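Each remark here refers to the structure printed beneath this line.
Per chain, numbering begins at 1; letters A, B, ... match sequence-line order. Note that the coordinates shown come from a computational prediction; the quantities given were computed from them, not determined experimentally.
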Number of protein chains: 2
Amino acid sequence: MARTTPQTHGEILAAAARRFAATGYRGTSLQDIATEVGCSKAAVLYHFANKEAILTELMAPAIEVLRSLDDRIADQPGPAAAQRVAAEGFVDLAVRFRGEIALLRGEFPELLQQPDFAHIQQISERLIDALAGQPERASARITALVLLAGIAETCGQFADVPDQELGDALLALLRRALEPPAH
Amino acid sequence: MARTTPQTHGEILAAAARRFAATGYRGTSLQDIATEVGCSKAAVLYHFANKEAILTELMAPAIEVLRSLDDRIADQPGPAAAQRVAAEGFVDLAVRFRGEIALLRGEFPELLQQPDFAHIQQISERLIDALAGQPERASARITALVLLAGIAETCGQFADVPDQELGDALLALLRRALEPPAH
DNA sequence: CACTGATCTGACCGATCGGTCAGCTCTGAC
DNA sequence: GTCAGAGCTGACCGATCGGTCAGATCAGTG
């Protein structure tokens, strides 16, 4: 079965993305991925140190963009500007990386525990604060959390909606729903 | 270790609820539940046919209320009334059963596949249509789906917020965010 | 007393999991 | 021709999973 294929690394990544999207990270075994690629499970583990390394590499681009969004939010002069940048940046992130986000499929809580993703939790916390505008108000925090989780959880289901249309709908939703920061 | 305890059934339910809430359905083994109760894994399976039966019994009250909400929505004369009833009913459901909903922890997709929960998917579909108001508009459907998923995903995290306050915040969010049905 | 049925246990089952390992094959450099 | 190393395989490992089963224990009944 073996070919002269040094591109197997990429094939494994693509296959893993498909399987994770279909059955989740936990619900996908290394054997599932190997079968989809058409190689042995040992070959998968030859190209990747372990199962988590596959997910880490798949999520790397999205995480990098999330991190830069975090920086941009921190640079804003006030809560109103921070809220606007957070909303637009998060929608852009959700639309562009909806495929990657879909891989996590509600396993955020468990996966965020893992060391490779530890800092994501803190970034999410700051993102929620920025979206809430006035994070000291409970209702503002609830609103921000619901919207963030809802978009993260569902954006992967809109694979057939064009980027522009999805982005417009989500941004309009955020503008309607978010409470403006205290003046 | 054995006691004269016919209330073990209830203890197992309570322990399972705690473990499911902490580590999810998949992330909780029968041994975990047995250890928490202080009995053997075989004792757990004496009181319940299998692991799924525990979850089914835990979710039964919430599912019953969801089903009656579905009926009430169907009885409404028009889309505007249906949207209002759907919003109020769903918020009430989310607040009252946030503990039970939290158990699912993002495993909705997998769990809904199981035969015991098959009809839940159809109810959810009708609930989204009612919330969307004008389900033929893509943006209205996206809005409804994001809000429904967001509330379902996060309401379990607000265990410390009083029912009244949480309900008010969620209902206010829905009223702001949902697009009114075509006149 | 004997007996029954409910409750519960420890040992066990087959399946599957992530991961390891010795060794095979093939390519390219010398 | 020889050798090194990248790529890959099948066999295997220990752990854990959900679930089964024969039998022990005990309360209640006659």
Side-chain angles (χ1 to χ4, degrees), chain A residues 1-59 103-105 107 110-111 113-117, chain B residues 1-20 22-59 103-105 107 110-117:
Chain A
M1 290 263 172
R3 259 347 77 67
T4 55
T5 50
Q7 75 264 28
T8 306
H9 187 95
E11 288 180 15
I12 292 172
L13 271 184
R18 264 174 276 138
R19 298 309 305 154
F20 289 165
T23 55
Y25 177 74
R26 278 198 186 183
T28 299
S29 69
L30 292 173
Q31 186 57 62
D32 289 338
I33 299 170
T35 300
E36 177 117 356
V37 174
C39 69
S40 69
K41 185 178 66 167
V44 173
L45 287 165
Y46 170 78
H47 287 279
F48 295 87
N50 50 43
K51 190 184 177 186
E52 188 189 347
I54 304 176
L55 182 65
T56 302
E57 188 161 328
L58 278 173
M59 300 303 295
L103 306 186
L104 302 178
R105 298 230 315 160
E107 299 177 31
E110 287 84 358
L111 295 176
Q113 306 282 3
Q114 298 185 339
D116 275 353
F117 299 133
Chain B
M1 288 266 171
R3 257 349 78 66
T4 55
T5 51
Q7 76 264 27
T8 307
H9 186 95
E11 288 181 16
I12 292 172
L13 270 184
R18 265 173 275 137
R19 298 311 304 155
F20 289 165
T23 55
Y25 177 74
R26 279 199 185 181
T28 300
S29 69
L30 292 173
Q31 186 58 61
D32 289 338
I33 299 170
T35 301
E36 178 115 353
V37 174
C39 69
S40 69
K41 186 179 66 168
V44 174
L45 286 165
Y46 169 77
H47 287 279
F48 295 88
N50 49 45
K51 190 183 177 186
E52 188 189 348
I54 305 177
L55 183 66
T56 302
E57 188 160 329
L58 277 173
M59 300 302 295
L103 305 186
L104 301 178
R105 299 229 315 159
E107 299 178 29
E110 287 83 359
L111 295 176
L112 290 184
Q113 306 281 1
Q114 298 186 339
D116 276 351
F117 298 132

(request) For residues B:G27 and B:D32, report the shortest heavy-atom separation together with the two atoms involved. (result) O-OD2, 3.9 Å
(message) Looking at D:dC8, I'd like to know if its phosphate oxygens (OP1 or OP2) sit under 4.0 Å from a side-chain N or O belonging to A:Y46.
(response) no
(request) Using the test side chain to side chain donor-acceptor pair (under 3.5 Å), find all partners of A:E52 that sit at least two apart in sequence or belong to another chain. (result) none
(request) Mark up nucleotides 19-25 of chain C, 5' to 3', with B wherever a protein heavy atom is under 4.0 angstrom from a base atom, S wherever such an atom reaches only the sugar-phosphate, and - elsewhere. (result) BBB----
(request) Under 4.0 Å from any atom of DNA chain C, heavy atoms only: list the residues of residues 18-29 of chain A that qualify, in numerical order. (result) A:T28, A:S29
(message) If the condition is ring pair (Phe, Tyr, Trp, His ring centres under 6.0 Å), which residues does B:Y25 pass it with, not counting sequence neighbours?
(response) B:F20
(request) Please name all residues satisfying side chain to side chain contact (heavy atoms under 4.5 Å, CB included) with B:T35, sequence neighbours left out, ordered by chain then number. (result) B:Q31
(message) Tell me the interatomic distance from A:Q31, atom CD, to C:dA15, atom P, rounded to whole angstroms.
(response) 15 Å
(request) Give a yes/no on whether any side-chain N or O of B:T8 is located under 4.0 angstrom from OP1 or OP2 of C:dC8. (result) yes
(message) In whole Å, I'd like the distance from the NE2 atom of B:H47 to the C1' atom of C:dA6.
(response) 9 Å
(request) For B:T28, check side chain to side chain donor-acceptor pair (under 3.5 Å) against everything at least two apart and list the hits. (result) B:T23
(request) Return the nearest nucleotide to the side chain of B:S40; candidates are C:dG10, C:dA6, D:dT9. (result) C:dG10
(request) Round to a whole Å and report the spacing from CZ of B:F48 to C1' of C:dC8. (result) 15 Å
(request) Please report the closest heavy-atom contact between A:C39 and A:V44, naming both atoms and the distance. (result) SG-CG2, 4.1 Å
(message) Can you tell me how the ring of A:H47 sits relative to the ring of A:H9, calling it parallel under 30°, perpendicular over 60° and tilted otherwise?
(response) perpendicular
(message) Ignoring hydrogens, what is the shortest heavy-atom contact between B:R19 and B:E36? Give both atom names and the distance.
(response) CD-OE1, 3.0 Å
